[in-house]
Asks: 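Please read through the structure below; I'll follow up with questions.
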Amino acid sequence: MKAMILAAGRGERMRPLTDDRPKPLVTLRGRPLIEYPLRALAAAGVRAFVVNLGYRGAQIREHLGDGSRFGVRIDYSDEGDPALETGGGLHKALPLLGGGAFIVANADVYTHYPWAALIERAAALPADVEAHLVLVPNPAHRPQGDFALVDGRLVEPAPDAAPTATFSGLSVLRASLFDGCEPGRFPLAPLLRAAARRGAVSAERYDGLWSDVGTPQRLAELERELGA
């Protein structure tokens with residue numbers, strides 16, 4: 001099982017903390033954000049990682065190295081700056097991820113989600129499912145949400161659909177999701193929405209602790225919540 005940690009973003013909303021470092025190296029409780037999903041997935045059994053690089057990516061490579069001090073192997077997909085957005089970045093990294101299902105996690109997400117469950121989802125992903133998403137209750141900064149969850153499948157929000165939820169940044173994807181894509185810069189969301197219309201995206205809702213640490217304010221709020 002391989003996992004990709006998305007770490008190439010510019011982190012504009014996190015300024016001034018990102019003026020001299022990439023967002024994944026901003027610290028929470030004295031530890032860089034990127035280490036939380038990395039260590040959690042490693043503890044759950046993942047041994048092979050891909051990390052994409054963009055803004056000040058050399059600092060991430062220097063900090064993580066080859067992964068040996070975490071007991072894993074890390075390969076890097078260097079996108080340059082500006083980076084390729086989530087879809088383009090994942091597409092570029094596919095040769096490093098193999099042809100099957102793989103785990104994806106945003107480097108700036110902190111959560112108590114049971115990561116071993118995501119590994120189980122990836123191992124048991126049905127052949128007709130191209131993606132599995134973890135959804136969370138809509139946070140205050142995204143009240144409209146992203147998707148709805150109906151009978152374990154992802155659907156686009158509609159007036160008569162179930163209540164919306166927000167994509168957590170945790171997922172399992174198949175390489176086949178990117179069939180027909182051309183190299184370059186493009187978002188992931190349109191691919192997920194198209195697959196959802198085909199009934200090819202499963203999902204679950206997680207109601208525990210989760211934060212996309214997108215601003216200095218949210219970082220401070222999370223520090224307080226964790227009692228740091």
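Because only heavy atoms are used, hydrogens play no part in the values below, and waters and symmetry mates are left out as well, while side chains stay in.
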Asks: Keeping Trp210 on the side-chain end and Ser168 on the backbone end, is there a donor-acceptor pair under 3.5 Å?
Replies: yes
Asks: Rounded to the nearest 0.5 Å, what separation is found between the CD atom of Gln144 and the OG1 atom of Thr166?
Replies: 7.0 Å
Asks: Classify the side-chain pair Asn138/Thr164 by whether it contains a donor and acceptor separated by less than 3.5 Å.
Replies: yes
Asks: Are Leu177 and Val201 joined in one hydrophobic group, where the rule is that I, L, V, M, F, W and Y side chains link up if heavy atoms are under 4.5 Å apart?
Replies: yes
Asks: With Arg21, which residues qualify under salt bridge (Lys or Arg N to Asp or Glu O under 4.0 Å), at least two apart?
Replies: none
Asks: Is a side-chain donor or acceptor of Lys2 paired with a backbone partner of Leu96 at a separation under 3.5 angstrom?
Replies: yes
Asks: Does Gln59 use its side chain to pair, donor to acceptor, with the backbone of Asp20 at less than 3.5 Å?
Replies: yes
Asks: So, do Val129 and Arg153 sit near enough that their side-chain heavy atoms are less than 4.5 Å apart?
Replies: yes
Asks: Rounded to the nearest 0.5 Å, what separates atom CZ in Arg185 from atom OG1 in Thr86?
Replies: 9.5 Å
Asks: Could you tell me if the side chain of Arg56 sits less than 4.5 Å from the side chain of Leu25, heavy atoms only?
Replies: no
Asks: Are Met4 and Ile119 co-members of a hydrophobic cluster defined by side-chain heavy atoms under 4.5 Å apart?
Replies: no
Asks: In Å and rounded to the nearest 0.5 Å, what is the CG to CG distance from Leu90 to Leu97?
Replies: 7.5 Å
Asks: Using atom types as modelled and distance alone, determine if a side-chain donor or acceptor of Asn52 lies under 3.5 Å from a backbone N or O of Gly89.
Replies: no
Asks: So, using salt bridge (Lys or Arg N to Asp or Glu O under 4.0 Å) as the criterion, who are the partners of Arg13 when residues are at least two apart?
Replies: none
Asks: If every non-hydrogen atom of Gly99 is compared with every non-hydrogen atom of Ala175, which pair is closest and at what distance?
Replies: O-CB, 3.8 Å
Asks: Take Asp212 and His141 through the side-chain contact (heavy atoms from CB on, under 4.5 Å) test and state the conclusion after the steps.
Replies: CA-CA 10 Å; Asp212 60 336; His141 60 274; 3.2 Å; yes
Asks: If you measure from CG on Leu222 to CZ on Arg29, what distance do you get to the nearest 0.5 Å?
Replies: 8.5 Å
Asks: Search all heavy atoms of Leu209 against all heavy atoms of Glu225 and return the closest pair with its distance.
Replies: CD1-OE2, 3.1 Å
Asks: Val26 pairs by side chain to side chain contact (heavy atoms under 4.5 Å, CB included) with which of Val213, Ile34, Leu33?
Replies: Leu33
Asks: If we only count heavy atoms from C-beta on, is the Phe186 to Leu191 side-chain gap below 4.5 Å?
Replies: yes
Asks: Check whether any side-chain heavy atom of Asp207 lies under 4.5 Å from a side-chain heavy atom of Pro137, and answer yes or no.
Replies: yes
Asks: Does Glu12 form a side chain to side chain donor-acceptor pair (under 3.5 Å) with Tyr55? I'd like the steps, not just the answer.
Replies: CA-CA 11 Å; Glu12 286 285 353; Tyr55 170 70; over 6 Å; no
Asks: Report whether Val109 and Phe167 are members of the same hydrophobic cluster (ILVMFWY, side-chain heavy atoms less than 4.5 Å apart, transitive linking).
Replies: no
Asks: Side chain to side chain contact (heavy atoms under 4.5 Å, CB included) with Val51: which of Leu38, Asp78, Ile60?
Replies: Ile60
Asks: Count the heavy atoms of every other residue, nucleotide or ligand shown that sit under 6.0 Å from CG of Asp151, and state whether that count exceeds 12.
Replies: no
Asks: Report yes or no: does Arg205 contribute a side-chain atom to a donor-acceptor pair with the main-chain N or O of Leu135 at less than 3.5 Å?
Replies: no
Asks: Donor-acceptor pair, Tyr206 side chain versus Thr111 backbone, under 3.5 Å?
Replies: no
Asks: Quick check on the hydrophobic clustering: are Val134 and Val150 connected, directly or via other members, by side-chain heavy-atom contacts under 4.5 Å?
Replies: no
Asks: Are Leu84 and Leu6 connected into the same hydrophobic cluster when the rule is that any two of I, L, V, M, F, W, Y join if their side-chain heavy atoms are below 4.5 Å apart?
Replies: no
Asks: Run through Leu41, Leu118, Val72 and flag the one making a side chain to side chain contact (heavy atoms under 4.5 Å, CB included) with Val46.
Replies: Leu41
Asks: Does a side-chain heavy-atom distance below 4.5 Å link Leu173 with Leu192?
Replies: yes
Asks: Check the surroundings of atom CD in Gln217: do more than 12 heavy atoms from other residues, nucleotides or ligands lie under 6.0 Å from it?
Replies: no
Asks: Please report the shortest heavy-atom distance between Arg61 and Leu53, naming the atom on each side.
Replies: NH2-CD1, 3.7 Å
Asks: Could you give all pairs that pass the ring-ring contact (aromatic ring centres under 6.0 Å, His included) test and reach residues 27-51, with sequence neighbours left out?
Replies: Tyr36-Tyr110
Asks: Taking Asn106 for the side chain and Asp108 for the main chain, is one N or O donor matched with an acceptor at less than 3.5 Å?
Replies: no
Asks: To the nearest 0.5 Å, what is the distance between NE2 on His91 and CZ on Phe178?
Replies: 8.0 Å
Asks: Do Arg47 side-chain atoms and Ala42 backbone N/O form a donor-acceptor pair below 3.5 Å?
Replies: yes
Asks: Kindly give the heavy-atom pair with the smallest separation between Val172 and Ala101, and that separation in Å.
Replies: CG1-CB, 4.0 Å
Asks: Is it true that Glu130 and Arg174 have a side-chain N and a carboxylate O under 4.0 angstrom from each other?
Replies: no
Asks: Closest approach of Met14 and Thr215, non-hydrogen atoms and distance?
Replies: SD-C, 3.3 Å
Asks: What are the two closest heavy atoms between Lys23 and Gly214, and how far apart are they?
Replies: NZ-CA, 3.5 Å
Asks: Examine distances only and state if a side-chain atom of Tyr76 and a backbone atom of Gly65 form a donor-acceptor pair shorter than 3.5 Å.
Replies: yes
Asks: Would you say that Ile74 contacts Ile5 through its side chain, given a criterion of any heavy-atom pair below 4.5 Å between the two side chains?
Replies: no
Asks: What verdict does the side-chain contact (heavy atoms from CB on, under 4.5 Å) test give for Tyr113 and Glu204, after you've listed the backbone C-alpha separation in whole Å, the side-chain angles of each residue and the deciding distance to 0.1 Å?
Replies: CA-CA 11 Å; Tyr113 176 84; Glu204 64 183 283; 3.1 Å; yes
Asks: Spell out, as yes or no, whether a donor-acceptor pair under 3.5 Å connects the side chain of Thr27 to the backbone of Pro32.
Replies: no
Asks: Kindly indicate, with the supporting measurements, whether the criterion salt bridge (Lys or Arg N to Asp or Glu O under 4.0 Å) is fulfilled by Arg73 and Asp66.
Replies: CA-CA 6 Å; Arg73 186 186 79 247; Asp66 63 2; over 6 Å; no
Asks: Give, for atom CG of Leu133 and atom OG of Ser202, the distance between the pair rounded to the nearest 0.5 Å.
Replies: 8.0 Å
Asks: For the residue pair Pro37 and Leu170, establish whether any side-chain heavy-atom pair is separated by less than 4.5 Å.
Replies: no
